[in-house]
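Worksheet for the structure shown next.
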Amino acid sequence: MRPIRQAFPVFALLLLVSGVLAVAAAQRGGGFRDVIPTGSRVEYKTLHSKLLNQDLAYGLYLPPSYAKSDKKYPVLYFLHGLNENEKRWSTRGETDLLLDRMVAEGKIGEFIVAIPNAANSFYTNARGGRQEPWEDYIVQEFIPAIESANRVIGTRATRGISGISMGGYGSLKIAMKHPEMFGSVSAHSAALIVDLDHAVAPARQLERFRPLFDQIFAINTDLTYWNANNPLEFAKDTTKLKNLKIYADCGTEDDYGFFDGLKAFDQTLTKASYPHEAHLYAGNHGWDFAKQHTTESLLFHWKAFDSK
């Protein structure tokens with residue numbers, strides 16, 4: 001591997017800004033359409049959040065045998081990316097169809113997948129008392145609701161979490177903050193930034209992007225809250241991870257330079273002799289990359305579930 005860069009490059013941050021704006025524009029103009037793949041069995045429902053005082057959509061994948069059995073299943077929670085929603089796991093990733101095929105071919109066992117819609121929250125409680133406790137919604141409301149309404153085994157060993165991009169950050173952050181809840185975590189193209197302090201300058205180039213991170217983490221005040229929710233920081237103390245199984249991958253041509261974050265993450269865990277998987281594969285950012293490696297992450301979680 002190449003040496004880790006010590007700061008998130010300005011050019012990559014500019015790409016991130018333009019990428020955010022391009023995705024938002026595409027959505028407004030219908031560039032990304034949530035076309036449900038033929039054969040998809042994902043159900044789309046809503047859950048009322050008392051914490052957020054609103055109804056929130058989610059997707060639910062039930063295994064092929066679910067309706068014909070009374071058994072309980074492991075569960076995987078999947079977190080979507082920035083400017084995405086609960087449908088993208090199926091419409092962009094076609095992950096449900098892949099999972100069905102892997103089950104039919106005997107490559108993997110059956111498990112439930114639940115996909116919450118968490119807007120552009122970075123799956124984090126907004127700093128400073130704002131009424132947007134998104135992490136609490138996932139941990140305290142969404143997961144308990146899924147597991148009370150469906151036949152879930154409900155043990156740490158049979159509960160995993162995964163995500164892409166912003167959701168990759170979210171899955172690593174939530175699992176590493178709450179390792180008593182999860183036995184396994186995976187992340188595709190996770191939004192891992194080595195040095196946000198350097199990345200927030202010069203301010204003029206960040207005027208259209210700064211509000212997102214400032215709204216959530218108050219980065220214009222200081223970086224204490226950012227660091228308190230940073231998977232790269234959690235990796236520095238592996239004694240708190242309770243043998244959490246970790247998988248992460250990223251493209252070597254990732255638009256936003258998140259490969260540097262994965263390298264730093266990998267090096268920190270390796271230095272601590274903490275077992276994990278970290279892979280750099282050829283490719284760019286997003287679903288076109290993730291679809292090439294979803295098989296690996298699904299197998300990773302199934303092995304974790306099956307070794308309970």
Is it true that a side-chain atom of [X] and a backbone atom of [Y] form a donor plus acceptor pair closer than 3.5 Å?
X	Y	result
Ser171	Gly168	yes
Glu141	Lys50	yes
Asp266	Leu262	no
Asp55	Ala57	no
Asn85	Asn117	no
Asn150	Ile146	yes
Arg156	Met181	no
Thr268	Ala235	no
Thr158	Thr155	yes
Ser148	Pro144	yes

Work out which heavy atom in [X] is nearest to a heavy atom in [Y]; give both atom names and the distance.
X	Y	answer
Val152	Lys72	O-CD, 3.7 Å
Leu244	Ser184	CD1-N, 3.8 Å
Gly286	Ser189	N-OG, 4.0 Å
Tyr58	Pro116	CB-CA, 4.0 Å
Glu110	Pro64	OE2-CD, 3.1 Å
Phe265	Leu172	CZ-CD2, 4.1 Å

Using 0.5 Å steps for rounding, measure from the [atom1] atom of [X] to the [atom2] atom of [Y].
X	Y	atom1	atom2	value
Ser186	Leu76	OG	CG	6.5 Å
Lys173	Thr124	NZ	OG1	2.5 Å
Ser121	Leu79	OG	CG	9.0 Å
Glu94	Trp287	CD	CH2	10.0 Å
Thr46	Leu56	OG1	CG	8.5 Å
Thr95	Met102	OG1	CE	11.0 Å

Electrostatic pair [X]-[Y], nearest N-O below 4.0 angstrom:
X	Y	value
Asp100	Arg41	yes
Glu84	Arg92	no
Glu135	Lys177	yes
Arg101	Asp96	no
Glu86	Arg88	no

**Q.** Test log, rule side chain to side chain donor-acceptor pair (under 3.5 Å), inputs Thr224 and Arg127
**A.** CA-CA 10 Å; Thr224 57; Arg127 181 181 182 180; 3.3 Å; yes
Can you confirm whether [X] sits close enough to [Y] that some side-chain heavy atom of one is under 4.5 Å from a side-chain heavy atom of the other?
X	Y	result
Val42	Leu60	no
Ile108	His301	no
Leu82	Leu212	yes
Ile138	Trp134	no
Val113	Trp89	yes
Cys250	Tyr256	no
Val185	Lys245	no
Glu296	Asp249	no

Q) Can Asn125 and Asp136 be said to form a side chain to side chain donor-acceptor pair (under 3.5 Å), step by step? A) CA-CA 7 Å; Asn125 297 339; Asp136 288 349; 3.1 Å; yes
Q.
Surrounding CG of Asn243 (heavy atoms of other residues, nucleotides or ligands, distance under 6.0 Å), is the total greater than 12?
A.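 No, because the 6.0 Å sphere around CG of Asn243 holds 12 heavy atoms or fewer from other groups.
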Ring centres of [X] and [Y] under 6.0 Å apart?
X	Y	answer
Phe213	Phe122	yes
His276	Tyr247	no
Tyr169	Tyr123	no
His279	Tyr281	yes
His293	Phe289	yes

(Q) Evaluate Asn284 against Asp254 for side chain to side chain donor-acceptor pair (under 3.5 Å), listing each step before the verdict. (A) CA-CA 4 Å; Asn284 213 310; Asp254 186 282; over 6 Å; no
**Q.** Among Tyr73, Phe305, Tyr61, the one residue meeting ring pair (Phe, Tyr, Trp, His ring centres under 6.0 Å) with Phe111
**A.** Phe305
Q. For Glu180, what residues pass the salt bridge (Lys or Arg N to Asp or Glu O under 4.0 Å) criterion, not counting sequence neighbours?
A.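 Glu180 satisfies salt bridge (Lys or Arg N to Asp or Glu O under 4.0 Å) with no other residue.
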Q. Could you go step by step and tell me if Lys107 and Thr295 meet the side chain to side chain contact (heavy atoms under 4.5 Å, CB included) rule?
A. CA-CA 10 Å; Lys107 296 178 179 178; Thr295 297; over 6 Å; no
Q: Establish, for the pair Arg159 and Tyr77, whether the NZ or CZ atom is under 6.0 angstrom from the six-membered ring centre and no further than 45 degrees off its axis.
A: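 Not satisfied by the 6.0 Å and 45° rule.
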Q.
Whether Lys240 engages the ring of Phe234 as a cation-pi pair (distance to the six-membered ring centre under 6.0 angstrom, angle to the ring normal within 45°) should be assessed.
A.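 Cation-pi check for Lys240 and Phe234: fails.
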Q: Kindly indicate, with the supporting measurements, whether the criterion side chain to side chain donor-acceptor pair (under 3.5 Å) is fulfilled by Ser165 and His188.
A: CA-CA 6 Å; Ser165 192; His188 299 289; over 6 Å; no
